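All remarks here apply to the structure that follows.
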There are 2 protein chains.
Amino acid sequence: MMKPVPQKEIQHRLKQLSEACKKSGMRMTHQRMEIFREVASTAEHPNADTIFHRVRERLPSVSHDTVYRTLASLEELGLVSRVDPVKGGARYDANCDKHHHYICTQCGSITDIYMQNEPSLPEGIENLGDVESLHLQVRGICHNCKTN
Amino acid sequence: MMKPVPQKEIQHRLKQLSEACKKSGMRMTHQRMEIFREVASTAEHPNADTIFHRVRERLPSVSHDTVYRTLASLEELGLVSRVDPVKGGARYDANCDKHHHYICTQCGSITDIYMQNEPSLPEGIENLGDVESLHLQVRGICHNCKTN
DNA sequence: GTCACTGCAAATAATTTGCAAAGCA
DNA sequence: TGCTTTGCAAATTATTTGCAGTGAC
């Protein structure tokens with residue numbers, strides 16, 4: 001269905017995690033590693049509960065709140081980003097390339113999209129404040145939902 | 001602080017509500033009118049709870065769940081739109097002009113922004129599915145937070 | 001050894017639902 | 001009158017927090 005993340009990319013991301021932990025004084029725990037691996041291994045933008053259940057298969061003692069706390073730290077490190085879909089809880093993404101999202105309003109699937117031309121900043125935005133980031137969501141009904 | 005919505009515009013929006021109710025078979029109740037008026041009277045994108053408290057001042061018996069249900073119907077009618085901020089619950093907006101949002105990641109304030117050039121659709125989006133709408137969020141720290 | 005991290009349990013926030021009564025068309 | 005809508009209460013869902021024990025460095 002969705003293109004899997006290549007092994008090489010997963011390894012690269014895990015290496016970044018290890019470096020980021022070292023640099024920031026965070027500890028590289030088994031849980032943190034497995035939770036990040038789970039997000040880094042898929043492009044489907046799982047939510048916290050999905051991540052919890054998948055990690056649990058390998059690490060049966062992991063708890064729900066550790067997943068939330070870990071995702072929050074990973075977000076602070078800039079290793080995962082949170083996507084707020086139209087409905088339902090937050091979804092997570094370890095793709096650090098500049099990209100945007102296509103969200104199916106029917107099934108809720110989230111797909112990374114890349115722009116040829118990044119949207120320009122609206123004129124006068126500097127009157128409002130700093131610009132840290134720019135997020136574009138394209139919403140619609142995906143082909144999969146259309147045909148089913 | 002934020003530019004107030006002109007009386008004329010509020011009246012226009014209320015008229016649209018009345019027409020939309022007639023057309024769709026929805027009934028024009030006192031609660032629905034007041035809840036919509038509350039959203040239509042401000043540009044600050046209040047959340048459900050804020051709307052609840054404000055409406056309550058004029059209509060003391062209104063309940064929390066009626067506010068949620070009403071906002072959901074108004075959204076279906078296309079009279080209000082929901083904005084999902086970075087953190088916290090959904091926020092509501094009765095501005096029907098095509099616009100986007102600046103969100104302060106510190107205080108959570110949401111400001112409408114207008115683009116000179118709408119962002120173009122990414123090439124190949126038609127391979128994913130239909131495009132219903134396009135939402136741009138610009139995030140940063142607003143001047144107000146910067147100076148305080 | 002120290003301090004960050006974890007699991008547990010419980011709290012909180014945000015939203016939804018079932019149902020009988022009330023009210024608009 | 002008939003069907004939508006409301007208020008109440010309770011249930012759910014999503015997420016957060018306090019705390020004592022555990023583990024990485």
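Throughout, protein chains are lettered first and strands after them, A, B, ... in sequence-line order, and every chain is numbered starting at 1. Since the model is a prediction, treat every value here as computed from it, not as a measurement.
Around atom CD of B/Glu123, no more than 12 heavy atoms belonging to other residues, nucleotides or ligands sit under 6.0 Å away.
C/dT15 atom P lies 14 Å from atom CZ of B/Phe52, rounded to whole Å. One can place CD of B/Glu76 at 12 Å from P of C/dT16, the figure rounded to the nearest angstrom. Between the CZ atom of A/Arg32 and the C1' atom of C/dC3 there is a distance of 13 Å, rounded to whole Å. For B/His64 and D/dA9, the NE2 to P distance is 15 Å, given to the nearest whole Å. Look at CG on A/Leu71: it is 15 Å from C1' on C/dC5, rounded to the nearest Å. Protein atom CG of B/Asp84 is 13 Å distant from nucleotide atom C1' of C/dT15, rounded to whole Å. In this structure, CE of A/Met33 is placed 16 Å from P of C/dC5, rounded to the nearest angstrom.
With respect to B/Glu34 and B/Arg37, a salt bridge is recorded, a charged nitrogen being found less than 4.0 Å from a carboxylate O. At a threshold of 4.0 Å, the pair A/Glu44-A/Arg91 does not count as salt-bridged, since none of the basic side-chain nitrogens sits closer than that to a carboxylate oxygen. A salt bridge links A/Glu75 with A/Arg82: at least one charged nitrogen is closer than 4.0 Å to a carboxylate oxygen.
Connection of B/Val86 to A/Val83 is not established within any shared hydrophobic cluster, with ILVMFWY side chains joined at heavy-atom distances below 4.5 Å, either directly or through further cluster members.
Remark: the B/Asn127 side chain and the A/His143 side chain contain no N/O donor-acceptor pair separated by less than 3.5 Å. With hydrogens and angles left out, the side-chain atoms of A/His45 and A/Asp112 include a donor and acceptor closer than 3.5 Å. Side-chain N/O atoms of B/Asp49 and B/His64 include a donor and acceptor closer than 3.5 Å.
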Between the protein and nucleotides 12-14 of chain D, which nitrogen or oxygen pairs are less than 3.5 angstrom apart?
none

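Of all nucleotides listed (D/dT6, C/dT15, C/dC8), D/dT6 comes nearest to the side chain of B/Thr66.
Proximity of B/Ser63 to the phosphate of D/dC8: no side-chain N or O atom is located under 4.0 Å from OP1 or OP2. In this model, the phosphate group of D/dG7 is approached by a side-chain N or O of B/Gln31 to a distance below 4.0 Å at OP1 or OP2.
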* To do: Give the B/S/- string for nucleotides 17-25 of chain D, one per nucleotide from 5' to 3', where a protein heavy atom under 4.0 Å of the base yields B, of only the sugar-phosphate yields S, and otherwise -.
  => BB----BBS
* Residues B/Glu9, B/Arg13; criterion salt bridge (Lys or Arg N to Asp or Glu O under 4.0 Å); working and verdict -> CA-CA 6 Å; B/Glu9 174 63 19; B/Arg13 290 178 182 178; 2.8 Å; yes
